[in-house]
S.K.: 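Quick one: the structure is below, questions incoming.
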Amino acid sequence: MSLLKTVAVSHNNVDNNMLPSTPGKLKPEKYQPYNHYMIHRLRLSKLTLWSSIFLAFILFFFILSPPSPSPAANRRESWGGHHWEKRVTKSACRNSDSGFTVLVTGAAGFVGCHVSLSLKRRGDGVVGLDNFNRYYDQNLKRSRQKVLSGAGVFVVEGDINDAALIRKLFDVVHFTHVMHLAAQAGVRYAMQNPHSYVHSNVAGFVNLLEASKDANPQPAIVWASSSSVYGLNSKVPFSEKDRTDQPASLYAATKKAGEAIAHSYNHIYGLSITGLRFFTVYGPWGRPDMAYFFFTKDILKGKQITVFEAADGGTVARDFTYIDDIVKGCLGALDTAKRSTGSGGKKKGPAQFRIYNLGNTSPVAVSELVRILEKLLKVKAKKKVMVMPRNGDVQFTHANISRAHRELGYMPTTDLETGLSNFVKWYLDFYSPSTKNPASSW
Ligand SMILES: O=C(O)[C@H]1O[C@H](OP(=O)(O)OP(=O)(O)OC[C@H]2O[C@@H](n3ccc(=O)[nH]c3=O)[C@H](O)[C@@H]2O)[C@H](O)[C@@H](O)[C@@H]1O
């Protein structure tokens, strides 16, 4: 026997004797070829039977179960349908024939929430739109939504990039105006998530303008630009005539791009468009990513705050503008907006195109902002002063508001101390309604 055959035979014997896996329990049995064949067949047919039952079950459930929803279908679940349309139509109802019907994008945001409430309270029809993203505390956005809902404003959950949704909204309601406040805000966050700025502030804006120019009638559009478009401009106060071609951050660049895009839609399609350059808006229900807001939070927690100064030791200052003044500016812009001249994508004549600064005309140093907060909170801040990093911030903003005053009747009336006092009251009430007010325990 060759070595190969010897190995094959011994291997066969081992297989046939079915060795148990436990060592020391080896019980060689007599070899019975017929029995083994029968057992093998029996096992095989049992296996076939169970496999068939199993397959039949799978087939049965596959046929009975509904097709799994596509991503588009998933997206649609949050809007559309008879009930949804009824809510949109009801929210769009205005109190008088002369009132407006306004689509407010970013309605669950800081400025959007305040503007929507003011419009609704004076009798206009308002439909909100917001994607409730996670840029900051969603609970705050949901709380704003509750306030709006109580006032009769329905906030549609959806993104300005969802073309089908925007077109559906324009189908269901003939909006006279769009107040476009949805945006990716924040100057410094643009270094962490640049694409979100292009997505919301450029692509989303174009999507909204596309639907607006196709609408019949076309709405007039008022939208939020930013003081940041002045970028490295050093001539103060900033006037709308000053250069805006040196943005210091991607955020500013996307807002500047928005102004250029708005002009092209006005020129080609006859859309009436007004851009508002907001200057560091603050107040109750504000944005937690802004310095006055997180300074308050950190001062109360005893956490260190970082206060920026210029490289030469100079002051870093902002033209902080109170929310109620901004709301008046927004309503003034809506009230003076002329109708768009086009319809269904065709221009019929030149349309209004405007740009305004909405600031306070009274810049305050960030160190002074901290001093006011310390006084209001009755807590000393743990400050770390450091040179402003190259993160897109500019050293100084100061608005010239002559044009807004002349044409919109805009005149801010709230100084920083009064506005911050209102903010602090709201903050303490919102975040610790049942606990003792820390401001009274100094
Ligand atoms: O006016 C505008 O266009 C912009 O106003 C704000 O931007 P910003 O003025 O930078 O507001 P904050 O982020 O609240 O900063 C306020 C001041 O505090 C300073 N700061 C910020 C953060 C910090 O940790 N320390 C600090 O000293 C900043 O340099 C700035 O001077 C908003 O965040 C933007 O969305 C808006 O468009």
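Only this structure's heavy atoms are used, side chains among them; waters, hydrogens and symmetry mates stay out. Counting convention: from 1, in listed order, for ligands and their atoms alike. Position 1 is the first residue of the sequence; numbering continues from there. Just so it is clear, the model here is predicted, and its values are computed rather than measured.
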S.K.: Using a 4.0 Å heavy-atom cut-off, which part of Met290 comes near ligand 1: side chain, backbone, both, or neither?
M.R.: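 Both backbone and side chain.
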
S.K.: Show me which atoms of ligand 1 lie under 4.0 Å from any heavy atom of Val187.
M.R.: 7 (O), 10 (O)

S.K.: Would you say the ring centroid of Phe238 lies under 6.0 angstrom from that of His398?
M.R.: no

S.K.: Does the structure place the NZ or CZ of Arg277 under 6.0 Å from the centre of the six-membered ring of Tyr230, at an angle of no more than 45° from the ring's axis?
M.R.: yes

S.K.: Between Phe279 and Phe320, is the gap from one ring center to the other below 6.0 Å?
M.R.: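 No, the ring centres sit 6.0 Å or more apart.
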
S.K.: Counting distance only, does the side-chain N/O of Ser91 pair as donor-acceptor with the main-chain N or O of Arg87 below 3.5 Å?
M.R.: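 Absent.
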
S.K.: Identify which of Gln184, Gln395, Arg318 has a heavy atom lying nearest to atom 30 (C) of ligand 1.
M.R.: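 Of the listed residues, Arg318 has the closest heavy atom.
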
S.K.: For Gln138 and Arg134, does a side-chain donor sit closer than 3.5 Å to a side-chain acceptor?
M.R.: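 Indeed, the side chains of Gln138 and Arg134 share at least one donor-acceptor pair under 3.5 Å.
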
S.K.: Checking Glu210 against Tyr265: is there a side-chain donor and acceptor pair closer than 3.5 Å?
M.R.: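 Tyr265 vs Glu210: donor-acceptor pair found between side chains.
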
S.K.: Given salt bridge (Lys or Arg N to Asp or Glu O under 4.0 Å), test Lys382 with Asp298 step by step and report yes or no.
M.R.: CA-CA 9 Å; Lys382 289 184 186 141; Asp298 292 345; over 6 Å; no

S.K.: For Asn357 and Tyr410, test the side chains for any donor-to-acceptor distance below 3.5 angstrom and give the result as yes or no.
M.R.: no

S.K.: Applying a 4.0 Å heavy-atom criterion (strictly less than), which segment of Phe396 is in contact with ligand 1: side chain, backbone, both, or neither?
M.R.: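 Neither; no heavy atom under 4.0 Å.
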
S.K.: State whether the shortest distance between N or O atoms of Gly186 and N or O atoms of ligand 1 falls below 3.5 angstrom.
M.R.: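 Between Gly186 and ligand 1, an N or O pair is found under 3.5 Å apart.
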
S.K.: When you check the side-chain N and O atoms of Asn193 and Tyr189, is any donor under 3.5 Å from an acceptor?
M.R.: yes

S.K.: Starting from atom 17 (C) of ligand 1, what is the nearest protein heavy atom, named by residue and atom, and what distance separates them?
M.R.: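 It is Val366 CG2, 3.8 Å.
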
S.K.: Heavy-atom distance to atom 24 (O) of ligand 1: which of Thr321, Thr306, Thr315 wins?
M.R.: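 Comparing heavy atoms across Thr321, Thr306, Thr315, the nearest one to atom 24 (O) of ligand 1 lies in Thr306.
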
S.K.: Which residue, Phe110, Phe293, Tyr427, Trp426, forms the ring pair (Phe, Tyr, Trp, His ring centres under 6.0 Å) with Trp285?
M.R.: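 In the set Phe110, Phe293, Tyr427, Trp426, the residue that makes a ring pair (Phe, Tyr, Trp, His ring centres under 6.0 Å) with Trp285 is Trp426.
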
S.K.: Which ligand 1 atoms are under 4.0 Å away from a heavy-atom of Ala185?
M.R.: 35 (O)

S.K.: Heavy-atom contacts with Val307 under 4.0 Å: which atoms of ligand 1 show up? List them by number with element.
M.R.: 27 (O)

S.K.: Pick one of side chain, backbone, both or neither for how Phe279 approaches ligand 1, counting any non-hydrogen atom pair under 4.0 Å.
M.R.: backbone

S.K.: Do any N/O atoms on Asp289 end up under 3.5 angstrom from N/O atoms on ligand 1?
M.R.: no

S.K.: Would you say the side-chain atoms of Ser239 and Asn400 include a donor-acceptor pair closer than 3.5 Å?
M.R.: no

S.K.: Any N/O of Phe295 closer than 3.5 Å to an N/O of ligand 1?
M.R.: no

S.K.: Say whether, by atom type as modelled, one donor and one acceptor occur between the side chain of Asp130 and the main chain of Ala108 under 3.5 angstrom.
M.R.: yes

S.K.: Is it the case that ligand 1 has an N or O less than 3.5 angstrom from some N or O of Phe294?
M.R.: no

S.K.: Please list, in number order, the atoms of ligand 1 under 4.0 Å from a heavy atom of Val316.
M.R.: 29 (O), 31 (O)

S.K.: Could you check whether Tyr269 and Gln218, counting side-chain N and O atoms only, form a donor-acceptor pair closer than 3.5 Å?
M.R.: no

S.K.: Does only the side chain of Thr280 get under 4.0 Å from ligand 1, or the backbone, or both, or neither? Count heavy atoms.
M.R.: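 Within the 4.0 Å criterion, Thr280 contacts ligand 1 through backbone and side-chain atoms alike.
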
S.K.: Does some non-hydrogen atom of Arg287 fall short of 4.0 Å from ligand 1?
M.R.: yes

S.K.: For residues Lys347 and Thr341, is any side-chain donor paired with an opposing acceptor at under 3.5 Å?
M.R.: no

S.K.: Return the residue, atom name and 0.1 Å-rounded distance of the protein heavy atom closest to atom 27 (O) of ligand 1.
M.R.: Phe308 N, 2.9 Å

S.K.: Look at ligand 1 and say whether Arg188 reaches it with a heavy atom at a distance under 4.0 Å.
M.R.: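 Judged by the 4.0 Å heavy-atom criterion, Arg188 does count as contacting ligand 1.
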
S.K.: Below 3.5 angstrom, do we get any N/O pair linking Phe320 and ligand 1?
M.R.: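 Among all N and O atoms of Phe320, none is under 3.5 Å from an N or O of ligand 1.
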
S.K.: Which residue holds the protein heavy atom closest to atom 10 (O) of ligand 1, what is that atom called, and what is the gap in Å?
M.R.: Asp393 OD1, 3.6 Å

S.K.: Which atoms of ligand 1 are found less than 4.0 Å from any heavy atom of Ala291?
M.R.: 12 (P), 14 (O), 15 (O), 16 (C), 18 (O), 21 (C)

S.K.: Would you mind running through ligand 1 and noting each atom that sits below 4.0 Å from a heavy atom of Ser226?
M.R.: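 With Ser226 as reference, the close atoms of ligand 1 come out as 2 (C), 3 (O), 37 (O).
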
S.K.: Looking at Phe278, which atoms of ligand 1 are within less than 4.0 Å of one of its heavy atoms?
M.R.: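 Checking each atom against Phe278, I get 1 (O), 2 (C), 3 (O).
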
S.K.: Any heavy atom of Tyr251 closer to ligand 1 than 4.0 angstrom?
M.R.: yes

S.K.: Crowded around Arg339 CZ? As in, over 12 foreign heavy atoms under 6.0 Å?
M.R.: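 No - once you tally the heavy atoms of other residues, nucleotides and ligands closer than 6.0 Å, there are 12 at most.
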
S.K.: What is the nearest protein non-hydrogen atom to atom 2 (C) of ligand 1, stated with its residue, atom name and distance?
M.R.: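 Of the protein heavy atoms, Ser227 OG, 3.2 Å lies nearest.
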
